[in-house]
Amino acid sequence: MKYNLVRGTKDVLPGESVKWQYLTRKASAVYSAFGYSEIKTPVFEVTELFTRGIGETSDIVTKEMYTFPDKKGRSITLRPEGTAGTVRAYIENNLNALPAPVKLFYIGPMFRYERPQAGRYREHWQMGVEAFGSDSPALDAEVISTALTLLKELGATGLKTNLNSIGCMSPDCRPRYIAALKDFLKSRSEKLCDTCKVRLEKNPLRILDCKVESCKSVFSEPGIPKILDHICPSCAAHFEKVIDYLKLAKADYSVNDKLVRGFDYYTKTVFEITCDKLGAQNGVLGGGRYNGLVEELGGQPTPAVGFSVGVERLLLALETMGIKLPADDSPDIYLVTLGEAALEKAFVLAGELRSAGIKTVMACEDKSMKTQMRLADALKAKTAVIIGDNELKDGVAVVKDMATGNQQKVALNELKRHFSKT
RNA sequence: GUGGCUGUAGCUCAGUUGGUUAGAGUGUCAGAUUGUGGAUCUGAAUGUCGCGGGUUCAAAUCCCGUCAGCCACCCCA
């Protein structure tokens, strides 16, 4: 019987995996430079964590979750995003006892039951950041520049950073805007597409980023209420400050008052970084502030901000930019042996070289010298170290530089030192 | 969940109006006089032609279903 991948999943093969290592290391380095510490939370959680956190009516919760009963009948869900689990861990482990803001980052797989498409998988990886315990707009700006710094360090160009504020839940803020928006849209409901007619009741903000032309035309009408004109003074002031700090950071961004995000927990600042060469799934990175979520999930009222980058999409985006990620997986040394005695000697020698951090590969079986040299070449080994009967007799090895073809003899007991220098 | 396109060796593909043992390039493995790679040459292995059914004397080729991939919608990383 032959088995295949489950739909929407992917093997990351050698060559590709080297790029992944590079990306995740880079992200860890940048995140920790900004003061974030890594947290690892389980890949699955109790379903309710997500339904409460992300929102009962959101698309992710209503149709995209991998939910199943475990053997005791508890409803378990593979995490569709990283924030809810991180918040749960923050509350459960009393991380609020740490000096604020508490800064955590995570790298791991997320699961969504969606129809696979370019840049969209049922299992995909995210590298995210969450900062708890501060409502300072400077922190929003810092979080955004954490994202921009990572992208810059990777050499990314031509990405767009969209920024918006969707206000808070106080009656004179987002609810007031939604009411005004509903009022306006009801008068033109005949122009809206069918899905938007439904959204008008369920989730009016979503109509803002509808791609249907007739809906878009409604939004260019002059009388349309703008969210940034309707949020409360405190949210408006916060947004102003975020922008001030972004300017200080010399960040490249644009305010887009139609930007809304798919999770219910966002408050105030939301942002998104897109790559327009990626096709329909162009969002590479997204995030925002979520001041109500910690309390919603049973913790003390705690303001927080964060974002997450999609690894697969980031990789695709970097590819369209023509950025070559380091993909060197080649050994420093390929040990070529002739005869059983040499193989035994090399077997021991390889261990010593490896313990010195020298990447060493050898054929663990008797193969012709030509074959071994071909292997050394195919693996792109930097040097071939050849040991046969003659060498064993003299206690030396022939060291051949694969690029130049130059050879020299090095005493066997000097080999480790010889390669440690370079 | 909806729609469109696609599905032949590990990879990239060819396969004529349905007709006998399905091909090429590339890669893999082995060899080209006995201890030296990247060039060239020789040879070898590998396909349930995505899967299942149907039409036909005959199907990789036509029809239906199914699965998967790609693209778009929806949504998002």
Side-chain angles (χ1 to χ4, degrees), chain A residues 1-10 13 15 23 54-55 57-65 79-83 107-128 147 193-196 198-199 203 206 209-212 259-263 270 272-275 278-287 306-317 334 336-339 342 366-392 397-407:
Chain A
M1 185 60 197
K2 191 182 156 200
Y3 297 98
N4 300 102
L5 282 169
V6 168
R7 183 163 206 205
T9 63
K10 198 175 181 265
L13 303 172
L23 276 193
I54 300 169
T57 57
S58 68
D59 277 56
I60 288 194
V61 169
T62 54
K63 52 181 212 194
E64 294 174 6
M65 293 208 304
R79 62 179 180 200
E81 56 93 53
T83 302
I107 295 173
M110 306 297 161
F111 305 84
R112 291 182 202 169
Y113 193 86
E114 301 176 275
R115 188 98 169 236
Q117 184 180 332
R120 189 168 77 184
Y121 305 97
R122 288 184 174 180
E123 180 188 31
H124 73 279
W125 281 60
Q126 292 187 17
M127 310 190 290
C193 68
D194 289 347
T195 40
C196 279
V198 178
R199 289 199 267 232
N203 193 356
R206 278 249 78 100
D209 62 0
C210 184
K211 287 169 193 160
V212 177
L259 175 66
V260 283
R261 313 222 63 247
F263 305 140
V270 291
E272 189 169 86
I273 297 178
T274 57
C275 173
L278 286 193
Q281 309 305 320
N282 63 355
V284 171
L285 185 151
F307 74 82
S308 198
V309 212
V311 175
E312 290 85 350
R313 284 190 194 172
L314 181 56
L315 238 23
L316 287 172
Y334 190 96
V336 176
T337 64
L338 291 154
D366 196 28
K367 292 192 174 188
S368 78
M369 185 165 186
K370 187 188 279 284
T371 299
Q372 293 185 68
M373 287 305 290
R374 278 186 181 155
L375 281 169
D377 186 59
L379 295 174
K380 297 188 173 65
K382 288 159 197 84
T383 50
V385 171
I386 304 160
I387 304 173
D389 291 338
N390 301 339
E391 286 74 20
L392 276 184
V398 173
V399 173
K400 176 169 186 168
D401 184 305
M402 293 298 281
T404 63
N406 295 337
Q407 295 191 177

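Residue numbers start from 1 in every chain, and the chains themselves are labelled A, B, ... in the order their sequence lines are given, proteins ahead of strands.
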Separation of Leu316(A) CG from Asn282(A) CG (nearest 0.5 Å)
12.0 Å
Measure CG/Asn4(A) against C1'/G69(B) and give the value in whole Å, please.
12 Å
Nearest-nucleotide 5' precedence on RNA chain B, Lys400(A) against Glu312(A)
Lys400(A)
Could you tell me whether Gly8(A) contacts a base, only the sugar-phosphate backbone, or nothing, with contacts defined as non-hydrogen atoms closer than 4.0 Å?
sugar-phosphate
Taking only the side-chain heavy atoms of Ala118(A) (C-beta and beyond), determine which of A72(B), G35(B), G1(B) contains the nearest atom.
A72(B)
Counting just side-chain N and O atoms, does Lys370(A) come under 4.0 Å of either OP1 or OP2 of G31(B)?
no
Counting only side-chain N and O atoms of Thr371(A), is one of them less than 4.0 Å from OP1 or OP2 of G31(B)?
yes
For Phe111(A), ring pair (Phe, Tyr, Trp, His ring centres under 6.0 Å) partners two or more places apart
none
Side chain of Arg374(A) - closest among A32(B), G69(B), C74(B):
A32(B)
Are Gln117(A) and C70(B) close enough that a side-chain N or O sits under 4.0 Å from OP1 or OP2?
no
With rounding to whole Å, what would you report as the distance between C49(B) and A14(B) at their C1' atoms?
13 Å
Can you check whether Arg7(A) has a side-chain N or O nearer than 4.0 Å to OP1 or OP2 of G69(B)?
yes
What is the nucleic acid contact for Leu285(A), judged by heavy atoms within less than 4.0 Å: base, sugar-phosphate only, or nothing?
sugar-phosphate
Shortest side-chain distance from Glu114(A), nucleotide among G37(B), G35(B), A77(B):
A77(B)
How far does the C1' atom of U16(B) sit from the matching atom of U8(B), given to the nearest Å?
16 Å
Has Gln372(A) got a side-chain atom pairing as donor or acceptor with Lys367(A)'s backbone, closer than 3.5 angstrom?
yes
Nearest-Å distance once atom C1' is located in both U33(B) and U42(B):
15 Å
Can you tell me how far the CG atom of Leu314(A) sits from the CD atom of Gln126(A), to the nearest 0.5 Å?
11.5 Å
Euclidean distance, atom NZ of residue Lys367(A) to atom C1' of G37(B) [Å, nearest integer]:
14 Å
Output row for RNA chain B, stems defined as at least 3 consecutive Watson-Crick or G-U pairs under 3.5 Å, is B:1-7 with B:67-73, B:10-13 with B:23-26, B:28-32 with B:40-44, B:50-54 with B:62-66
In residues 377-390 of chain A, what donor-acceptor pairs under 3.5 Å come from side-chain atoms, sequence neighbours left out?
from: Lys382(A); atom 1: NZ; to: Ser330(A); atom 2: O; distance (Å): 3.4
from: Lys382(A); atom 1: NZ; to: Ser330(A); atom 2: OG; distance (Å): 3.2
from: Thr383(A); atom 1: OG1; to: Asp332(A); atom 2: O; distance (Å): 2.9

Need one value for Glu391(A): base, sugar-phosphate or nothing, where a base atom within 4.0 Å counts as base even if backbone is also close, heavy atoms only.
base
What does Ala376(A) touch in the nucleic acid at a heavy-atom separation under 4.0 angstrom: a base, only the sugar-phosphate, or nothing?
nothing
Measure distances between side-chain N and O atoms of Arg120(A) and base N and O atoms of C74(B), and say whether any donor-acceptor pair falls under 3.5 Å.
yes
Whole angstrom is fine here: how far is it from CZ in Arg115(A) over to P in C73(B)?
13 Å
Just verifying a value: how many Å separate Glu312(A) CD and Lys10(A) NZ, rounded to the nearest 0.5 Å?
6.5 Å
Rounded to the nearest angstrom, tell me the gap between atom CZ in Arg261(A) and atom C1' in A77(B).
9 Å
In Å, rounded to the nearest 0.5 Å, how long is the span from CZ of Phe263(A) to CD1 of Ile60(A)?
4.0 Å
Between C70(B) (P) and Leu5(A) (CG): distance, integer Å
11 Å
So, Arg122(A) side chain and Glu114(A) main chain: donor-acceptor pair closer than 3.5 Å or not?
yes
Between the side-chain atoms of Asp389(A) and the base atoms of G35(B), is any donor-acceptor pair under 3.5 Å?
no
In whole angstrom, give me the gap between the P atoms of U36(B) and G31(B).
13 Å
What nucleic acid atoms does Glu272(A) come within less than 4.0 Å of, heavy atoms only: base, sugar-phosphate, or nothing?
nothing
Which whole-number value in Å describes the distance from Ile273(A) CD1 to A77(B) C1'?
12 Å
Arg115(A) backbone acceptor or donor facing Arg120(A) side chain under 3.5 Å
yes
Which part of the nucleic acid, if any, lies within reach of Ala403(A) when heavy atoms closer than 4.0 Å are counted: base, sugar-phosphate only, or nothing?
base
What's Gly128(A) touching, base or sugar-phosphate or nothing? Going by heavy atoms closer than 4.0 Å.
nothing
When you compare G50(B) with A60(B), how far apart are their C1' atoms, in angstrom units rounded to a whole number?
12 Å
What's Val284(A) touching, base or sugar-phosphate or nothing? Going by heavy atoms closer than 4.0 Å.
sugar-phosphate
What is the minimum heavy-atom distance between Met65(A) and Pro80(A), and which atoms define it?
SD-CG, 4.1 Å
Which whole-number value in Å describes the distance from Tyr334(A) OH to G35(B) C1'?
15 Å
Does Gln372(A) contact U36(B) through a side-chain donor or acceptor facing the base, at a distance under 3.5 Å?
no
Pairwise C1' distance for U21(B) and G4(B), with rounding to whole Å:
39 Å
For atom P, what is the distance between G38(B) and A32(B), given to the nearest Å?
13 Å
For the pair made of CG in Leu278(A) and P in A72(B), what is the distance, rounded to whole Å?
10 Å
Taking atom P in both G65(B) and C5(B), compute the distance separating them and give it to the nearest angstrom.
13 Å
Donor-acceptor pair under 3.5 Å: do we get one between Arg112(A)'s side chain and the base of A77(B)?
yes
